[in-house]
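For reference, the structure is listed below as structure tokens.
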Amino acid sequence: MDRQELPVAVFDSGLGGLSVLRALRRVLPQERFVFFGDSANAPYGSRLTEEIRSLTLTALENMDRTYGCKAIVVACNTATSAAIQALRQRYCDRPVIGIEPALKPAADRHPGEQILVMATETTLREAKFAHLMQTYAGRAQVVPLPCPGLVEFVERGELDSPALADYLQTRLASYPAPAALVLGCTHYPFVRPVLQRLRPDTEILDGSDGTARETRRRLQEAGLLREAGPGEVLLTNSSPDPAKKALAELLLSLPEAE
Ligand code: DGL
């Protein structure tokens, strides 16, 4: 089989990476994608770095063995922080694309203003984020906001409920009017409508479009773009719960926000 015909592996600790897969499908409609969500082991965000790295490497090894893949998209900020270097060493023969909080566009659009970065505890404590902070802290007031427990709302399909609104209200209580909210975890775009209701004047950004464009650029550069469609998506998950599959399909097919 031509390498161009092989799928792109898209990986997340759970269902959040579907927010990135949605963007990938928009930007690369002719590609084949295999998505693996490690919901049986989610959340990764409160695990040790070494454990996250090992789960991520094992999951991608299985994906590559089962499907073969021409490129890897780590659709998880947490796994990117913990494992991107190891993955790039292991898969140096193909593009490996990670995701990071969209601090650059936020700082460009809101110089000097308050920017909240919502993410998992791991993402915010790793060196990758410290480096991002160092780069942009002088340009805006960047405030890291860990959100333990938020991934679980999305994993159980609770995308809009009084309990979720209460949770978010509590996290945001000290920040009545940030200029921007950066969603530094791929699960969080699925609760964006609730966030926007709580902070109607705040711009909300996430890294999914940037990651999808970077994937297209890297595939093109490597001569790996699939020329003709139709595109395909295969959804897989480590959880034996059949409700996960139904939820994954629902998340993938939610209407686009305007
Ligand atoms: N989607 C993952 C991220 O982008 C969530 C990590 C978790 O499982 O805690 O960080």
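These figures come from a predicted structure and were not determined experimentally. Order of appearance sets the numbers: ligands from 1, and atoms from 1 within every ligand. Residue numbers start at 1 and run along the sequence shown.
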Asn77 N/O to ligand 1 N/O under 3.5 Å: yes

Heteroatom proximity flag, Thr186 to ligand 1, N/O under 3.5 Å: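 By distance alone, the answer is yes.
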
Could you tell me which atoms of ligand 1, counted from 1 in the order shown, lie closer than 4.0 angstrom to a heavy atom of [X]?
{"X": "Val151", "answer": "5 (C), 7 (C), 9 (O)"}
{"X": "His187", "answer": "1 (N), 2 (C), 5 (C)"}
{"X": "Thr120", "answer": "6 (C), 9 (O), 10 (O)"}
{"X": "Asp12", "answer": "1 (N), 2 (C)"}

Does [X] pair with [Y] as a salt bridge, N-O distance under 4.0 Å?
{"X": "Glu249", "Y": "Lys244", "value": "no"}
{"X": "Arg26", "Y": "Glu256", "value": "yes"}
{"X": "Asp64", "Y": "Arg94", "value": "yes"}

Ligand 1-proximal atoms of Ser13, by part, heavy-atom distance under 4.0 Å: side chain

Could you check [atom] against the protein and tell me its nearest heavy-atom contact, residue, atom and distance included?
{"atom": "atom 10 (O) of ligand 1", "answer": "Thr78 OG1, 2.6 Å"}
{"atom": "atom 9 (O) of ligand 1", "answer": "Gly45 N, 2.7 Å"}
{"atom": "atom 7 (C) of ligand 1", "answer": "Tyr44 N, 3.2 Å"}
{"atom": "atom 2 (C) of ligand 1", "answer": "Cys76 SG, 3.2 Å"}

From Cys147, Pro146, Cys185, Pro101, residue fulfilling side chain to side chain contact (heavy atoms under 4.5 Å, CB included) relative to Met118: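 Going through Cys147, Pro146, Cys185, Pro101 one by one, the side chain to side chain contact (heavy atoms under 4.5 Å, CB included) with Met118 is satisfied by Cys147 alone.
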
Ligand 1 contact by Cys185, heavy-atom criterion under 4.0 angstrom: yes

Sidechain-backbone polar pair: Asp206 side chain, Leu183 backbone, donor-acceptor under 3.5 Å: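 Here the side-chain-to-backbone pair does not exist.
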
